[in-house]
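Below you'll find the structure, written out as structure tokens, and then a few comments.
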Amino acid sequence: MRSKMKELHKAMAESLGLPLDLALDLPRVIVVGAVQVIILNHRGLIQYSKTKLVAGVGGGQVVVDGEGLEIEEIGPEDMAVKGVIRSVHMEA
Amino acid sequence: MGAAPVLWNLIGAVKVRVQGPNPARLLNLCVSRGIPVSGIREEDGALVFYTLPWRYRELRPLAFKSRCRPQVIGRSGLWFLWSKVRKRQVLVASILVLCGVLYYLSGSIWVVDVRGNSRVSKERILGAAVKAGLYRGARKALICTEFVDAIISGDIPELGWVYTSIHGTVAVIEVREKVEHPVDRPGDMVARRDGLVKSVLVLSGNPLVKAGDTVKAGDILIAGDPSVPSGTARGEVVASTWYKASVEVPLREVQPRRTGRRVEVRLLNLRGNLIPLFGSRTVPFRWYEVEDSVAGGGKEPETAISIITRTYYELAWVEAERSPAEARDLARKRLEDIVRRQLPPSVKLIDFSVEVKIAPDQGVVVATGLAQAEENIAVLKPWPQ
């Protein structure tokens, strides 16, 4: 039932031309080269170390792997991570 | 390396080290309560971050809730400086008084400078400026430069133009003195030097020469009319003139040469007064050349401060031998300089020829130069009264 509602929301947003991240409460992840990752619309920090950062987002987790990771700024909705970024991926 | 934002470092920042099973939870709690955190990084299994000093107290119950142990490991910024300084009230008062005195003094005129005067004395101009309220110690806010200009111009009729400007604490009065033109006395236009007349332009009087005539210095070119009250002769007579000069260059000559030894002295230039800063105060050489290089000072060295690096180069007198070709080139160059210096700026140089004679038996090279020029040779010669 819930997944059907999501599908409906997605279809409506697409048909109305609305941004999907706003309409479906999804994260927006901006990767600046291999030096910075900005995660917008996050739901909190789950795990943090020099080599791995896991941030909770709507629909799963964003995982950043790298070296010397530092959280430059963290706010209620956005987070800026810098360091040597190896990979950024989404886990459901 | 994590770091606090620049503004935090200025205002105040606390560096916190958090140890516990789940420091990420503390960060989430801080964010949810609106406690700003920045520069988060992991150090030896602990979390290190920066926060604002006045929000640190709110962080401690959150740390307890997340079973973490926070520890302040660094403090920076004006917040902590102020907490140290406020215990020294006399120091604070002294700094405030000093700032106040500096602010007050920067609003006064410390130096009044006068530029551009030659016949009118500086004291007279400064005296007139005092009447207009411009003097050493006067408040800048009370000085109206236009009023000062008007008062000085009115007081000293010999001045044609006055402009007062204030740069920081220095007031500069720039003046131009009126030029007194000599009263025209009636007379004839006579030749200033020998020449071959090329053209004659008569504004008043009777021309006595025409183009193609040869004239000698002192000849009357345009005659005035004594029967008319303003019968002075006026006009221009352009003629070809010749300038001759000769120069001798010896084949053997004693010349100054730098030995390679040098001494550097640093001087502080305070509005033209040179104060030695570093280096010897006496020059250890008998013969020397001086070179100055100036650092700072801006466009107006009279009102500015600059550092002058003065270098003294030792000279030795060495007998140098020239080849005839070198001597000839040098003679030609010196001759050109001499002839060009003889010519007034308004004179048009038409031709310049050089004749060089080498006399190796006498040890000299003799160069003779002849320059042909075109110029107005007519000058007024007043009649005897």
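Few gaps surround CZ on B/R17; more than 12 heavy atoms of other groups in view lie less than 6.0 Å from it. Counting non-hydrogen atoms of other residues, nucleotides and ligands closer than 6.0 Å to CD of A/E77 gives a total of 12 or fewer. The number of heavy-atom neighbours closer than 6.0 Å to OH of B/Y313, taken from other residues, nucleotides and ligands shown, is above 12. The 12-atom threshold is not exceeded at CZ of B/R88, counting heavy atoms of other residues, nucleotides or ligands nearer than 6.0 Å. When the shell of 6.0 Å around OH of B/Y288 is examined, it contains 12 or fewer heavy atoms from other residues, nucleotides or ligands. Other residues, nucleotides and ligands contribute over 12 non-hydrogen atoms within 6.0 Å of the CZ atom of B/F80. By the 6.0 Å contact criterion, CZ on B/R258 is enclosed, its count of non-hydrogen atoms from other residues, nucleotides or ligands being greater than 12.
Counting heavy-atom pairs under 4.5 Å between each of B/L47, B/V37, B/N28 and chain A puts B/N28 at the top.
Using a 4.5 Å cut-off between non-hydrogen atoms, the part of residues 44-52 of chain A that approaches chain B consists of A/G44, A/L45, A/I46, A/Y48, A/S49, A/K50.
In this structure, the separation between CG on B/L27 and CE on A/M79 is 8.5 Å, given to the nearest 0.5 Å.
Under a 3.5 Å cut-off, the side chain of B/S38 and the backbone N or O of A/E72 do form a donor-acceptor pair.
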